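To keep things clear, I will list the structure first and then write my remarks on it.
Proteins get letters first, then strands, A, B, ... in listed order; numbering begins at 1 in each. Predicted model, so just to flag it, every value in this text is computed and none were measured.
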Number of protein chains: 2
Amino acid sequence: MTTNTLRPQPFPAQEYVARLQAVQRRMAERDLASLVVVDPANLYYLTGYNAWSFYTPQCLVVPVEGPPHLFARAMDAQGAHHTASLPREQVHGYPERLVHRPDVHPYDWIAARALEIGVLRDDPGSQVAAEIDAHYFSPRGFFALHARLRHAALVDSHELVNWVRLVKSPLEQETLRAAGQVTERVMRIAIEQIEVGRRQCDVVAEIQHAQALGAHQIGGDYPAIVPMLPTGETAGTPHLTWSDLPLVAGEATTIELAGVRHRYHAPLARTVVLGRPPHRLSSCADAVSDGMLAALEQLRPGRTGREVHQAFASTIARAGLSKESRIGYSIGIGYPPDWGERTVSLRAEEETELRAGMAFHVILGMWMDGWGYETSESVLVTDDGPELLAHVPRGLTIKE
Amino acid sequence: MTTNTLRPQPFPAQEYVARLQAVQRRMAERDLASLVVVDPANLYYLTGYNAWSFYTPQCLVVPVEGPPHLFARAMDAQGAHHTASLPREQVHGYPERLVHRPDVHPYDWIAARALEIGVLRDDPGSQVAAEIDAHYFSPRGFFALHARLRHAALVDSHELVNWVRLVKSPLEQETLRAAGQVTERVMRIAIEQIEVGRRQCDVVAEIQHAQALGAHQIGGDYPAIVPMLPTGETAGTPHLTWSDLPLVAGEATTIELAGVRHRYHAPLARTVVLGRPPHRLSSCADAVSDGMLAALEQLRPGRTGREVHQAFASTIARAGLSKESRIGYSIGIGYPPDWGERTVSLRAEEETELRAGMAFHVILGMWMDGWGYETSESVLVTDDGPELLAHVPRGLTIKE
């Protein structure tokens, strides 16, 4: 058998070196001896490791100086070199007998091994940080890790790696643009497919087909969230997945989906109505379109998340509308169950200054009682202003 | 707008009553005053609640007597009645300002509210159990919950609800059979699509299309795990997702996917080789086919997971093969990132006796250095013996 099925690495080695250095610099500033990285998006960011293996415990232990080590289930560690930019001696597999057992936990083995190697430091007065609000790090895992540390304090990482991910490198920006090309093609197909009498699952079938196919030479990757298309009365709630009911004349469907390239996401939402829209829907759509323009105008280096939110809120207020939830969040790498980066939100409380290279999903979801309207843009912040990652007509699509 | 887009409830109300009673009976036996249920599969099992909302904290708090209450982000709580068999007054939404904040946590609000309602009991000497090894329950969430409990001990649920799910009701068995019909159709399409020169992502596009379409009147639901098709050298590692590289003549591809109906999964794996297989692959496939027959023969009420494993292990040992990891696990409801139930495994250490109504994914993955072979069956245990949920020819598929 030939060997040319090995994965092309989406980023060169020096990109990973720079990412690790940025993390270790912040660790030194915060006086952290070691950092336990659990979020699959952070693992991918720091090493390129990419597999659907996050349903059993796995982590990267980063010392403040020196190389990080990856710990995973034995069957996954064995193939980690296919994607991770780590030499084999920096990858360790815990035995199968530790998987899904009530009395033992993989983090006990991981902590012992990491201490032995020296990447996990347990010196008196030192601090070890862990991602204690990340998906896929359970309290049981935390307690097993904690029990192995006799001297060091175990503290909250406060999403240290997520914050390093916030400003994207030029290569990451290129990857986001490629994701945007996929999004554009997928959303156009999704809008075409919304027709009276089609089952929701039939529309999703075409969306998922397009998501994997990608755009021309750009193969598609899987999204962190499945396509969502709340329809009719259920359009008043944002996160319902599809059913096999048919689409009904007169009803509106909101579509939220993402095109993905090498785990980078460009999400997009649009609303389609099958027939003449009721006045409340079309006037809501108009106000939200104005609000989007006002928000985009603020998406520039030096502005804050609060200012972006304020521009939107004051615009839709003129139409008598308001929105309680945030209107966007930072995007980049995503793994199920979320494509948000969990750092900057576009909301009233957000004082972080925007910088060129950040990327946001500006999502204007108006979830009303028994109906809803949604539109969004994935946007790169540049020195020249906001750059849309996908170009799809923004307003309410009316199909009569 | 009409209201006929409301979801058909896959199970009648009395099914949920029986499920809750079974959970509360076990709680009483273990002297638990309250149980905090976090796993989305357990939420769905107990209430029917079904949305892609598990990326922010949500839980069902079950008192040992009386009705359970659901807690979720406000925007999700608002639409929970579209799927959950709970009256609105048993659903509570926490405010948006608590989402993704470093200084506050939704579980602080949830615990306070649940105490106020009385479903979370904090009496001296009492015990509250939580799912402390579930996905989507972070250490920060745990600490916020713990801080609100002044008197009660917070203990490990030890997957109490998962164990109640183990034996399926007649209606659940029907749903698993419907999932199996979807699986059968999807796997046949997947095998057809494996051709020299096709990109992996093109094959996945057809698989995902078929997964959503379902089988005739049975619409497909989304799988807890995306289709996996490790190919060539990477077939030696189980959980790699697809790339956009083309399939190569002479190489083997392992396909693992699931058909899904109303969140119930029937996973299946097969291996296709594009050309004449090397001897090591075809002899491995033959030995594993014999091993599968031996394992299925043991999948009967009264046998243990250990006996099933033993039958497989001793059969493949005759061909000089061995397998370290478990050869199967209990299945039913699944949410990302896993379709396993996290209870009974088919392995040497498993002494649980099988009963009619249990369901297993018997997965025989042989991950070698630089190649691999995989085949599996989703099986319902019945009084008459094992019932396959999908019928697809089992051995190595050779396409020359």
| query | How far apart are the C-alpha atoms of B:Arg97 and A:Glu349, what are their side-chain angles, what is the distance that settles it, and do they pass the side chain to side chain contact (heavy atoms under 4.5 Å, CB included) test? | reply | CA-CA 8 Å; B:Arg97 63 180 157 72; A:Glu349 301 86 355; 4.1 Å; yes

| request: Check the pair A:His100 / B:Tyr329 against ring pair (Phe, Tyr, Trp, His ring centres under 6.0 Å), numbers first and verdict last. | output: CA-CA 10 Å; A:His100 293 172; B:Tyr329 45 81; 8.1 Å; no

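One finds the CH2 atom of A:Trp339 at 8.5 Å from the OH atom of B:Tyr55 (value rounded to the nearest 0.5 Å). Distance check, rounded to the nearest 0.5 Å: CG of B:Asp103 to NE2 of A:His158 gives 9.5 Å. The distance from the NE2 atom of B:His239 to the OG1 atom of A:Thr56 is 7.0 Å, given to the nearest 0.5 Å.
Just one residue in the list B:Phe137, B:Phe143, B:Phe142 forms a ring pair (Phe, Tyr, Trp, His ring centres under 6.0 Å) with A:Phe142, and that residue is B:Phe143.
Of the residues considered (B:Val99, B:Val203, B:Val38), B:Val99 shows the highest number of contacts with chain A, using heavy-atom pairs under 4.5 Å. In terms of heavy-atom pairs under 4.5 angstrom with chain A, the leader among B:Ala74, B:Pro57, B:Gly79 is B:Gly79. Note on A:Pro139, A:Ala205, A:Cys201, A:Gly365: by heavy-atom pairs under 4.5 Å with chain B, the leading option is A:Pro139. With chain B as the partner, the residue from A:Ile207, A:Thr237, A:Thr343 showing the most heavy-atom pairs under 4.5 Å is A:Thr237.
Looking at B:Arg326 and A:Glu96, their side chains come closer than 4.5 Å, going by heavy atoms from C-beta outward. Looking only at side-chain heavy atoms (C-beta outward), A:Arg261 and B:Asp244 come within less than 4.5 Å of each other. Between A:Arg347 and B:Arg101 the shortest side-chain heavy-atom distance falls below 4.5 Å. Here the side chains of A:Met75 and B:Glu324 are not in contact, with every heavy-atom distance at 4.5 Å or above.
Scanning both residues, B:Leu240 and A:Ala51, for their nearest heavy atoms gives CD2-CB, 4.2 Å. Shortest non-hydrogen contact noted between A:Met368 and B:Gln78 is O-NE2, 3.5 Å. Across B:Ser138 and A:Asp133, no two heavy atoms sit closer than the pair OG-OD1, 2.5 Å.
Side-chain N or O atoms of B:Trp52 include none that pairs as donor or acceptor with a backbone N or O of A:Pro238 at under 3.5 Å.
Between A:Tyr136 and B:His135, the ring planes lie perpendicular to each other; the angle is over 60°, past the 30° to 60° tilted range.
A:Gln208 and B:His209 are not linked by any side-chain donor-acceptor pair at a separation below 3.5 angstrom, with hydrogens and angles left out of the test.
Using a 4.5 Å cut-off between heavy atoms, A:Arg199 contacts chain B through its side chain alone, with no backbone atom that close. Looking at A:Ala134, the atoms closer than 4.5 Å to chain B (heavy atoms on both sides) all sit in the backbone: N, CA, C or O.
The salt bridge (charged side-chain N to carboxylate O under 4.0 Å, His left out) search around A:Asp76 returns none, not counting sequence neighbours.
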Please tabulate, for the side chains in residues 211-228 of chain B, all donor-acceptor contacts under 3.5 angstrom to protein atoms that are two or more places apart in sequence or on a different chain.
| residue | atom | partner | partner atom | Å |
| --- | --- | --- | --- | --- |
| B:Gln211 | NE2 | B:Ala258 | O | 2.9 |
| B:Asp221 | OD1 | B:Arg263 | NH1 | 2.9 |
| B:Asp221 | OD2 | B:Arg263 | N | 3.0 |
| B:Asp221 | OD2 | B:Arg263 | NH1 | 3.0 |

